[in-house]
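The block underneath contains the structure these notes are about, expressed in structure tokens.
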Amino acid sequence: MRTSRLLLLAVLILAIPAASFAQFGVSISIAPPALPVYTQPMVPADGYLWTPGYWGNGDDGYFWVPGTWVMPPQAGLLWTPGYWGWGGDSFAWNGGYWGAEVGFYGGVNYGFGYGGVGYGGGYWNNGAFNYNTTVNNVNVTDIHNVYSKTVINNTTENHVSYNGGTGGITARPTAAEETASHQQHTPPTAMQTQHVKAASTNHALLASVNHGRPAIAATSKPGELTGKGVVAAKEAGAPYKAAATENKAAENKATENKEATENKAAESKAATTRSNENKAAENKAATTHSNENKAAESKAATTRADGSKAAENKAATTRSNENKAAENKAATTRSNENKAAESKAATTRADESKAAESKAATTRSNENKAAESKAATTRSNENKAAESKAATTRSNENKAEKPKAARPPAETKPTAAHAQPAPHPATASHAQAAPRQQTAPRPEAHPEKAPPEKAPGKEQPRQ
């Protein structure tokens, strides 16, 4: 709870522009402590601008927000610090902002160029910031855009941290500051917001703890509350006089705590009583409901059981009939399919067998025809050869017989030694009937054409 309130306060402090000069929502009747005395840490790098420290406020009172070097949102912008202002019945915080000109910041002399009016710590030139070494801690070896000019403060030299009210600064905005307050402003950067958050959660930065002299008065970079760049306050800006108010606040807080404890105890007792009563009523109601529910559930269960059994029997019968019908239909379908398949297969086999037999018969017929044709051709050739040979033989024999037939019959008997040889028998496969012996025709007497007689003892050559 405390942390959330501090964060809300920090955001609101940084979000309220000085131009509004409006009172902060939380009523704070106690003025903030004086500004502590401290030295400025060295600028970490070229381009950083100084933002002075101030007193913030949270649940535990005022806490110190250390001064720090910050990179501006963009080149050309300057920082206008926030300040506490009296609004007639309480103090309110007016948040700081970035702008082209430095506006009104309550006339508070924060030091280091912020003497109460304007800013004498430097200026922008062609995108580069020029540091006044009179009021700024600058390492001129690393940063060369520097100059030296004495800053004259027109405000009273003190460490008062607020405007208005008892003991506060009485400064009012100048015409130039009024004009600057109506210009376009840019809120604090995210690093500045984190810096306030870190300070609000650091116990050592509470005014009630450090009595206006914080151990972390300034840092070289925002959010870095430890390390080499941290600078402690040399002394408080004024004697710390908030002890009585702090004691009163502590007493008020103790009273609040006591009342809160008593209220919690009463609330706890009442809550316990109510809880017990509620539990008893709930138990009784629960018992009644339980009995009623049991009876209703038992009756409903019986009804459902009877209904379920009847429905199950009916459904079982229906399923049985449906299954039987489906099985019969499936069996009939399978039988028909099997018969059709068998018939188709038988027809296919018969067609295939007929085709094969027809093909085989055609093949055998062709083979037989070819064999018979070949055999017939062979026999015809053999017969023709035999006939030709036989004809030739007969022709030769006939030619030989003709001269013999011309002789007188008494002399035509051949001797055994000169008997004509029997014709060659035909082969078994081509045997033909032997030609009948023809009687040589009797020659007519033609003395003029009679052949010469054979010389005795010599056989005429065969023709």
Side-chain angles (χ1 to χ4, degrees), residues 18 34-55 65-72 75-84 96-163 168-181 183 213 217-221 229-238:
L35 298 173
V37 179
Y38 62 94
T39 59
Q40 184 188 63
M42 185 175 293
V43 60
D46 191 9
Y48 277 79
L49 270 65
W50 178 252
T51 58
Y54 61 91
W55 290 103
V65 179
T68 188
W69 290 98
V70 178
M71 284 294 292
L77 298 182
L78 298 172
W79 175 249
T80 297
Y83 68 97
W84 287 99
Y97 59 89
W98 293 94
E101 302 290 340
V102 177
F104 182 69
Y105 50 92
V108 178
N109 183 3
Y110 287 108
F112 312 109
Y114 293 99
V117 178
Y119 177 57
Y123 63 92
W124 288 96
N125 183 21
N126 295 325
F129 190 78
N130 291 265
Y131 298 91
N132 185 356
T133 56
T134 302
V135 294
N136 287 315
N137 186 4
V138 181
N139 184 351
V140 296
T141 302
D142 297 330
I143 299 176
H144 305 290
N145 45 319
V146 296
Y147 67 99
S148 179
K149 181 181 179 179
T150 301
V151 177
I152 300 174
N153 295 324
N154 297 321
T155 59
T156 303
E157 195 67 41
N158 57 44
H159 300 285
V160 178
S161 61
Y162 59 94
N163 179 284
I169 300 170
T170 59
R172 291 293 178 265
T174 64
E177 289 172 335
E178 285 284 0
T179 301
S181 68
Q183 294 176 348
R213 185 184 176 183
T219 65
S220 61
K221 289 184 179 180
V230 173
V231 175
K234 294 180 179 180
E235 57 181 315

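No hydrogens, no waters, no symmetry mates; every other heavy atom, side chains included, goes into these values. This is a predicted model, so every value here is computed, not measured.
- Leu49 CG to Trp79 CH2: the interatomic distance, rounded to the nearest 0.5 Å, is 11.0 Å.
- No donor-acceptor pair closer than 3.5 Å links the side chain of Thr219 to the backbone N or O of Gly229.
- Using a 4.5 Å heavy-atom threshold, the side chains of Val108 and Leu35 count as touching.
- Nearest heavy-atom pair across Gln183 and Ala100 is OE1-CB, 4.3 Å.
- Nearest heavy-atom pair across Gly237 and His159 is O-CD2, 3.6 Å.
- Thr80 contributes a side-chain N or O that, together with a main-chain N or O of Gly103, makes up a donor-acceptor pair within less than 3.5 Å.
- Side-chain atoms of Asn163 come within 3.5 Å of backbone N or O of Ile169 as a donor-acceptor pair.
- Note that CG of Asn139 and CG of Asp46 are 11.5 Å apart. Values are rounded to the nearest 0.5 Å.
- Under the ring pair (Phe, Tyr, Trp, His ring centres under 6.0 Å) test applied with Tyr83, the options Tyr97, Tyr54, Phe104 reduce to a single match, Phe104.
- Looking at Ser148, its side chain never comes within 3.5 Å of a backbone N or O of Thr134 through a donor-acceptor pair.
- Ring pair Phe129/Trp124 is perpendicular by interplanar angle, where above 60° counts as perpendicular and below 30° as parallel.
- Checking side-chain atoms of Gln40 against main-chain N and O of Asn137 turns up a donor-acceptor pair under 3.5 Å.
- To the nearest 0.5 Å, atoms OG1 (Thr68) and NZ (Lys221) are separated by 9.5 Å.
- Residues Ala217 and Ala232 come closest through the heavy atom pair CB-C, 3.8 Å.
- With contacts defined as side-chain heavy-atom distances shorter than 4.5 Å, the pair Tyr119/Tyr114 qualifies.
- A donor-acceptor contact shorter than 3.5 Å is absent between the side chain of Trp55 and the backbone of Tyr162.
- Ring geometry for Trp50 against Trp69 counts as perpendicular: the plane angle is over 60°, on a 0 to 90° scale with 30° as the lower cut.
- A donor-acceptor pair under 3.5 Å is formed between the side chain of Tyr105 and the backbone N or O of Gly118.
- Phe112 and Tyr38 have tilted rings, their planes meeting at an angle from 30° to 60° on a 0 to 90° scale.
- Without hydrogens or angle criteria, Asn158 side chain to Val160 main chain gives a donor-acceptor distance under 3.5 Å.
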